[in-house]
Amino acid sequence: MLTVLDHALIKHKLTIMRQADTSTYIFKQNLDEIAKLMAYEVTRNIPLKEIPIRTPICDTTGYELDQKIVLVPILRAGIGLVDGFRDIIPTAKIGHIGIFRDEKTLEPHEYFAKFPKDMDKSIVIVTDPMLATGGSASAAITNIKKRGAQKILLVCLVGVPEGVARIEQDHPDVDITLAALDEKLNEVGYIVPGLGDAGDRLFGTI
């Protein structure tokens with residue numbers, strides 16, 4: 001299922017990030033803030049379990065998360081969403097996965113992976129600012145599933161129909177959440193209107 005968040009603050013902050021003259025510092029600041037807003041929305045329906053608690057007034061029933069949460073950024077740009085999510089979910093564990101595309105075969109290959117235990121018992125939130133062709137995200141999700149993950153959510157800032165279609169085809173069991181669904185990919189694979197190379201803008205490597 002695809003969800004495109006319709007939130008005034010997200011639209012405002014994403015507009016700042018899209019602008020070519022936005023500094024690395026402001027870009028990162030707004031990315032953190034959007035990530036917090038997205039974390040709030042993405043976790044809205046996470047399963048809870050009842051627990052007995054005592055308030056200063058009486059005994060009552062409270063709620064806590066019924067599953068562990070694991071954040072898995074796709075290196076390198078996906079790291080940019082982690083801080084905002086972890087501010088909202090401080091108990092979340094962090095995995096990492098690196099995917100590169102072979103320039104000759106165009107096939108994606110995993111070059112790094114490190115995950116917490118109990119992936120099969122956790123809700124895994126995969127983060128990447130851009131969902132362009134969807135190839136890297138699809139490969140990352142495939143490899144995460146091989147580690148036992150069963151409940152996976154994909155969270156991206158900006159996506160295009162081509163990337164969404166690729167994930168829906170390869171992984172129909174994965175929910176996708178975007179801050180914005182943009183128009184298309186251009187002839188060199190950049191999202192239009194997009195925000196440029198998110199990794200370069202985030203880390204100042206333009």
Side-chain angles (χ1 to χ4, degrees), residues 2-43 71-90 92 94-101 103 106 108 111-112 125-141 153-167 175-206:
L2 170 65
T3 300
V4 181
L5 298 178
D6 185 15
H7 193 297
L9 285 175
I10 289 177
K11 291 178 179 179
H12 171 78
K13 294 175 186 301
L14 186 56
T15 296
I16 295 171
M17 294 181 67
R18 288 186 190 275
Q19 296 177 51
D21 60 353
T22 295
S23 68
T24 298
Y25 172 77
I26 297 299
F27 189 92
K28 173 64 165 61
Q29 181 183 57
N30 281 274
L31 180 56
D32 286 345
E33 292 169 354
I34 291 175
K36 291 177 186 179
L37 294 167
M38 296 188 79
Y40 175 82
E41 295 291 345
V42 168
T43 57
L71 304 174
V72 180
I74 300 176
L75 302 177
R76 66 179 167 147
I79 293 173
L81 288 160
V82 169
D83 287 346
F85 265 79
R86 210 172 192 188
D87 282 349
I88 301 298
I89 319 167
I94 312 295
H96 294 87
I97 188 164
I99 301 288
F100 77 92
R101 188 173 299 278
E103 293 183 0
L106 301 182
Y111 68 86
F112 180 81
I125 301 175
V126 179
T127 64
D128 198 1
M130 316 301 286
L131 181 58
T133 65
S136 294
S138 179
I141 291 168
L153 311 175
L154 176 62
V155 177
C156 305
L157 275 186
V158 178
V160 288
E162 298 96 318
V164 171
R166 173 68 181 271
I167 300 302
D175 290 339
I176 307 166
T177 300
L178 303 177
L181 182 63
D182 278 12
E183 180 184 347
K184 63 181 181 179
L185 294 176
N186 66 14
E187 63 279 1
V188 292
Y190 277 92
I191 293 175
V192 177
L195 47 73
D197 187 301
D200 283 343
R201 299 196 66 190
L202 175 63
F203 296 111
T205 53
I206 298 173

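Numbering starts at 1 and runs along the sequence shown.
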Tyr40 atom OH: more than 12 heavy-atom contacts under 6.0 Å: no
State whether the number of non-hydrogen atoms from other residues, nucleotides or ligands found under 6.0 Å of Tyr111 atom OH is greater than 12. yes
A side-chain contact here means heavy atoms from C-beta on lying under 4.5 Å apart; do [X] and [Y] qualify?
X      : Y      : result
Asp200 : Arg76  : yes
Met130 : Cys156 : no
Glu41  : Thr177 : no
Ser138 : Thr133 : no
Leu178 : Val164 : yes
Leu195 : Leu14  : yes
Arg201 : Thr22  : yes
Ile97  : Val126 : no

Quick check for you: to the nearest 0.5 Å, what is the distance between [X] atom [atom1] and [Y] atom [atom2]?
X      : Y      : atom1 : atom2 : value
Asp182 : Ile191 : CG    : CD1   : 6.0 Å
His12  : Ile34  : NE2   : CD1   : 9.5 Å
Ile10  : Met17  : CD1   : CE    : 11.5 Å
Ile125 : Leu81  : CD1   : CG    : 11.0 Å
Leu153 : Ile141 : CG    : CD1   : 9.5 Å
Lys28  : Ile26  : NZ    : CD1   : 12.0 Å

Using modelled atom types only, decide if a donor and an acceptor are shared between the side chain of [X] and the backbone of [Y] within a distance under 3.5 Å.
X      : Y      : value
Ser136 : Ile99  : no
Arg166 : Leu131 : no
Arg18  : Pro193 : no
Thr43  : Ala39  : yes
Thr127 : Gly78  : yes

Minimum heavy-atom separation for [X] to [Y], with atom names?
X      : Y      : result
Thr24  : Gly204 : OG1-CA, 3.7 Å
Thr15  : Lys11  : OG1-O, 2.8 Å
Asp87  : Pro90  : O-CD, 4.1 Å
Leu154 : Ala137 : CD2-CB, 4.3 Å
Gly80  : Leu202 : CA-CD2, 3.5 Å
Gly189 : Leu185 : O-CD2, 3.7 Å

Could you tell me whether Lys36 and Asp32 have a side-chain N and a carboxylate O separated by less than 4.0 Å? no
